Protein chains: 2
Amino acid sequence: MRVLARDAAKHTNKRITLKGWVHRVRELGAISFVLLRDRSGMIQIVFEGKTGFTHESVISVQGTVRENAKAPGGVEIQEASAQVLSAAGSDLPIPVNCGPEKLSLDAILDNRMISLRMPKILSVFRVQATIVGAFADYLRGQDFTEIKTSKLVGSGTEGGAGLFTVEYFDTKVYLAQSPQFYKQALVASGLERVFEVGAAYRAEKHDTARHLNEYVSLDVEMAFIDSERELVELEKGILKAVFAAVQKKNAAELEALDAPPLPGPESVDGIPCVGYDEARDIISRLGARRVFDINPEGERILCDWALQERGVPAVFVNDFPRKKRPVYAYPDGQKTLSFDLLFRGLEITTGGRRINEYPMMLESLSKFGLSPEGMGAYMDIFRCGCPPHGGFAIGLERLTQKILGLQNVKEASLFPRDRKRITP
Amino acid sequence: MRVLARDAAKHTNKRITLKGWVHRVRELGAISFVLLRDRSGMIQIVFEGKTGFTHESVISVQGTVRENAKAPGGVEIQEASAQVLSAAGSDLPIPVNCGPEKLSLDAILDNRMISLRMPKILSVFRVQATIVGAFADYLRGQDFTEIKTSKLVGSGTEGGAGLFTVEYFDTKVYLAQSPQFYKQALVASGLERVFEVGAAYRAEKHDTARHLNEYVSLDVEMAFIDSERELVELEKGILKAVFAAVQKKNAAELEALDAPPLPGPESVDGIPCVGYDEARDIISRLGARRVFDINPEGERILCDWALQERGVPAVFVNDFPRKKRPVYAYPDGQKTLSFDLLFRGLEITTGGRRINEYPMMLESLSKFGLSPEGMGAYMDIFRCGCPPHGGFAIGLERLTQKILGLQNVKEASLFPRDRKRITP
């Protein structure tokens with residue numbers, strides 16, 4: 001029976017079997033120390049003489065668990081013998097047992113199949129798995145139903161720009177920018193409350209530390225709301241659940257990554273919500289020059305302001321002007337019942353109430369120079385009775401990045417796609 | 001405060017507010033009965049005189065809860081008044097308050113935005129949500145980590161045929177057929193146990209009751225196994241958890257859909273596992289003609305046989321010949337350590353142990369006429385130390401279809417894509 005590294009201390013003075021990767025070998029004359037890595041952590045194995053193991057070889061070890069205060073975890077394996085289950089070549093494309101900070105981001109991503117073995121890098125994705133699970137669990141607890149919608153669509157949802165084309169038999173389709181129309185159809189179906197964890201695509205040529213051409217969108221949509229304020233409260237609930245889960249399940253990963261402290265529940269409740277005009281005023285005042293938009297620099301200034309004023313590095317911005325939001329945003333004069341969430345200097349959520357009334361949707365289409373005929377079956381949702389509703393989408397990689405304090409959003413994607421990067 | 005239909009009985013003789021869809025209106029001279037539908041169910045509202053409501057309009061109702069043994073749920077709403085939140089047109093593209101069996105599958109799918117409102121159809125996706133949640137929960141409980149991998153890839157994993165091409169800036173990429181290579185990279189990274197719920201694409205021209213060109217794949221991969229038998233046991237554990245969750249959470253949906261009884265835990269444990277040759281013999285014997293392959297008719301015969309012999313309409317088939325499995329299948333002479341699961345006459349899972357040794361992978365590539373250079377970074381996984389491992393993939397729509405006894409797999413996809421169907 002195999003024992004995991006983290007459980008070895010429960011078997012002191014017993015002989016056990018361990019399996020894992022040769023993370024590091026130190027040969028000290030008559031004995032060798034091997035650091036063995038498995039999914040639970042690391043453990044030190046003491047061998048007589050030289051082992052001949054190459055780094056990253058996978059081995060099965062039999063040995064006796066002995067206490068050793070100097071060893072990682074307080075125990076080590078002595079009187080050890082081992083079989084090699086899979087020998088690694090001596091020419092690893094990149095070293096695995098150094099810190100990723102020794103390598104450039106390009107080297108890390110070019111060798112993604114192997115850089116994912118670096119414990120610090122893998123920690124990012126252990127945290128990401130917790131985020132996805134906590135998001136889904138929280139919403140299920142609030143009577144939301146998980147949906148899986150098609151990513152092959154006939155048209156865009158966000159204005160039509162930035163779509164990837166797919167050759168689909170004798171015709172062409174596009175990769176979905178978001179499940180927006182489908183979420184709305186399902187809210188209007190009677191499910192009322194839906195969420196989706198799925199891929200989203202943007203064919204934007206940006207190649208920055210904040211953009212990905214393929215990302216995972218955490219999508220939420222709910223019926224019977226009056227304004228975006230109820231969505232802001234729902235998102236606070238999600239964030240509290242996600243932060244609590246990460247804190248509980250990933251203490252080791254947070255420490256390994258030297259992540260900034262996560263906002264506690266009171267801090268999340270205290271995230272300010274400022275109108276778009278006020279947000280621009282704050283940016284203009286603190287940035288010492290008049291701004292007409294909230295650009296990345298402005299997002300950083302707003303989060304700094306929130307940290308200063310409210311002790312939390314996050315801010316909701318609402319009341320966006322109509323011309324800055326999609327055709328389906330619910331108008332309120334020249335404004336819309338919409339919001340963004342900025343966290344640690346980065347927009348991680350966009351959402352709002354959506355138009356649910358057929359005549360209002362017709363008016364909005366005409367304002368945007370669109371025709372109802374061009375919207376296909378989308379218009380059926382409103383013609384056939386649609387409750388007041390709204391929703392939002394959280395970028396999973398951006399949320400992961402900001403929770404962990406990573407420099408580049410690509411670090412929070414297992415296999416990131418950007419303008420130049422399509423492998424591995 | 002809004003009360004859901006299912007909770008109205010808790011407020012007998014009190015005035016409450018309900019919100020939902022006008023499912024059906026019956027006008028009987030001086031009074032009208034309105035069946036109101038919300039996410040929790042249906043409730044009858046009694047109005048004085050005519051209401052003027054069109055079917056599917058969304059209304060807010062105030063009224064008093066009164067016991068009425070003849071009403072659905074044992075209560076109805078009397079002394080009611082209502083506001084229309086969103087008026088539906090009187091020309092619904094399809095009726096919502098009839099059974100879907102009154103419509104052709106084409107009519108249902110052509111009008112998908114509206115047919116999803118039919119309670120019976122929506123039931124399918126409530127069950128599907130339970131399946132996804134139970135799958136993920138079970139695996140998290142077994143120390144599996146959820147992953148999200150790119151669906152834009154440079155090449156296929158299943159032989160290269162049947163790929164959809166995406167125009168990606170100045171180059172071309174493909175929609176992933178499966179996360180196979182990524183799952184393997186992550187097992188080998190040290191995570192050891194991973195799962196993914198994600199879209200998979202097959203550009204196959206089949207347009208049958210069992211094929212979708214886009215489907216949701218429930219993918220599992222785990223390290224340190226010796227043979228496919230351990231994967232069969234893992235899948236049994238998943239199925240038991242999924243069936244138990246559906247039984248517990250979706251009793252109403254199972255009844256509404258007149259679904260066949262779900263196999264209990266003992267039945268799942270008793271699912272037989274037969275070798276490929278034995279499976280062909282059974283089919284030949286019971287089908288009364290010699291077969292050289294397991295075709296759809298053979299899958300039905302095998303499941304009938306298992307039901308007869310073991311009381312469970314499912315069978316694992318293992319020991320597939322090498323030429324019937326992908327290049328990465330672990331060989332065992334002329335056979336492979338691989339398996340399929342057939343359930344109620346349909347293959348719902350393919351899996352097996354994978355090759356983890358570099359020399360064996362080189363040999364397999366050459367047998368399949370492939371070169372290591374053509375495999376890109378995939379070969380790094382094996383060159384750098386890779387534990388024995390294997391995994392499988394369950395087609396979510398097929399599993400949903402077979403749990404519910406649906407005729408066509410497209411009924412188990414929210415927005416199915418087939419050769420001709422790309423909208424809505």
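Per chain, numbering begins at 1; letters A, B, ... match sequence-line order. All values derive from a computational prediction rather than experimental measurement.
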How would you list, by chain and number, every residue that makes a side-chain contact (heavy atoms from CB on, under 4.5 Å) with Ser217(B), sequence neighbours excluded?
-> Ala200(B), Tyr215(B), Asp219(B), Ala393(B)
Go through Lys19(B), Arg417(B), Arg112(B), Glu56(B) and name the one with the most non-hydrogen pairs under 4.5 angstrom from chain A.
-> Arg417(B)
Among Ala199(B), Gly154(B), Pro93(B), single out the residue with the greatest number of heavy-atom pairs under 4.5 Å to chain A.
-> Pro93(B)
Any ion pair linking Glu167(A) and Lys172(B) (charged N to carboxylate O, less than 4.0 Å)?
-> yes
Max heavy-atom pairs within cutoff under 4.5 Å with chain B, candidates Ile422(A), Val173(A), Thr145(A), goes to Ile422(A)
What part of Leu85(A) gets closer than 4.5 Å to chain B, counting heavy atoms only: side chain, backbone, both or neither?
-> both
Best-contacting candidate, Arg140(A), Met118(A), Glu357(A), Arg2(A), against chain B by heavy atom pairs under 4.5 angstrom | Arg2(A)
Max heavy-atom pair count under 4.5 Å with chain B, selected residue of Val84(A), Asn213(A), Val132(A) | Asn213(A)
Do you know which of Lys205(A), Glu146(A), Arg39(A) has the most heavy-atom pairs under 4.5 Å to chain B?
-> Arg39(A)
Does the separation of the ring centres of Phe164(B) and Phe169(A) fall below 6.0 angstrom?
-> yes
Using a cut-off of under 4.5 Å on heavy-atom pairs, state which of Val96(B), Asp38(B), Asp110(B), Leu152(B) scores highest against chain A.
-> Leu152(B)
Chain B interface, residue from Pro387(A), Pro424(A), Gly133(A) that has the most non-hydrogen pairs under 4.5 Å = Pro387(A)
Tyr182(B) OH to Leu116(A) CG distance, which is reported to the nearest 0.5 Å = 11.0 Å
Do Lys151(B) and Thr149(B) have side-chain atoms, one donor and one acceptor, less than 3.5 Å apart?
-> yes
Sort Lys420(A) into side chain, backbone, both or neither according to what part of it lies under 4.5 angstrom from a heavy atom of chain B.
-> neither
Measure distances from Arg37(A) to the heavy atoms of chain B and classify the residue's part below 4.5 Å as side chain, backbone, both or neither.
-> side chain
Lys/Arg N to Asp/Glu carboxylate O, Arg117(B) vs Asp380(A), below 4.0 Å | no
Working to the nearest 0.5 Å, report the span between CG of Leu92(A) and NE2 of His55(A).
-> 8.5 Å
One option among Cys384(B), Ala185(B), Pro416(B), Ser413(B) has the most heavy-atom pairs under 4.5 Å with chain A, and it is Cys384(B)
Which region of Leu186(A), side chain (C-beta onward) or backbone (N, CA, C, O), has a non-hydrogen atom less than 4.5 Å from a non-hydrogen atom of chain B, or is it both or neither?
-> side chain
May I ask you to name which of Val166(B), Leu122(B), Asp91(B) has the most heavy-atom pairs under 4.5 Å with chain A?
-> Leu122(B)
Pick one of side chain, backbone, both or neither for Ile121(A), based on which atoms fall under 4.5 Å of a heavy atom in chain B.
-> neither
For the student: nearest non-hydrogen atoms of Ala245(A) and Ala134(A), plus distance | CB-CB, 3.6 Å
Single hit among Lys249(A), Arg126(A), Arg6(A) for salt bridge (charged side-chain N to carboxylate O under 4.0 Å, His left out) with Asp143(B) | Arg6(A)
In terms of heavy-atom proximity below 4.5 Å to chain A, should Pro388(B) be classed as side chain, backbone, both, or neither?
-> side chain
Sequence-distant partners of Ser86(A), side-chain contact (heavy atoms from CB on, under 4.5 Å), two or more places apart = Val58(A), Asn356(B), Cys386(B)
Under 3.5 Å, is there a donor-acceptor pair linking the side chains of Gln128(A) and Thr400(A)?
-> yes
Structural part of Ile59(B) lying under 4.5 Å from a heavy atom of chain A | neither
Heavy atoms only, distances under 4.5 angstrom: which of Phe125(A), Tyr201(A), Tyr358(A) has the most pairs with chain B? Name it, please.
-> Tyr201(A)
So, the side chain of Ser123(B) versus the backbone of Pro119(B): is there a donor-acceptor pair under 3.5 Å, distance only?
-> yes
Residues in ring pair (Phe, Tyr, Trp, His ring centres under 6.0 Å) with Phe382(B), at least two apart?
-> Tyr378(B)
Name the region of Thr171(A), side chain, backbone, both or neither, that has any atom closer than 4.5 Å to a heavy atom of chain B.
-> side chain
Could you have a look at Met113(B), Gln184(B), Arg383(B), Glu214(B) and say which one has the most heavy-atom pairs with chain A under 4.5 angstrom?
-> Glu214(B)
Contact residues of residues 187-197 of chain B (partner chain A; heavy-atom separation under 4.5 angstrom) | Val187(B), Ala188(B), Ser189(B), Gly190(B), Leu191(B), Glu192(B), Arg193(B), Val197(B)
Going by an N to O cut-off under 4.0 Å, is there a salt bridge joining Glu397(A) and Lys410(A)?
-> no
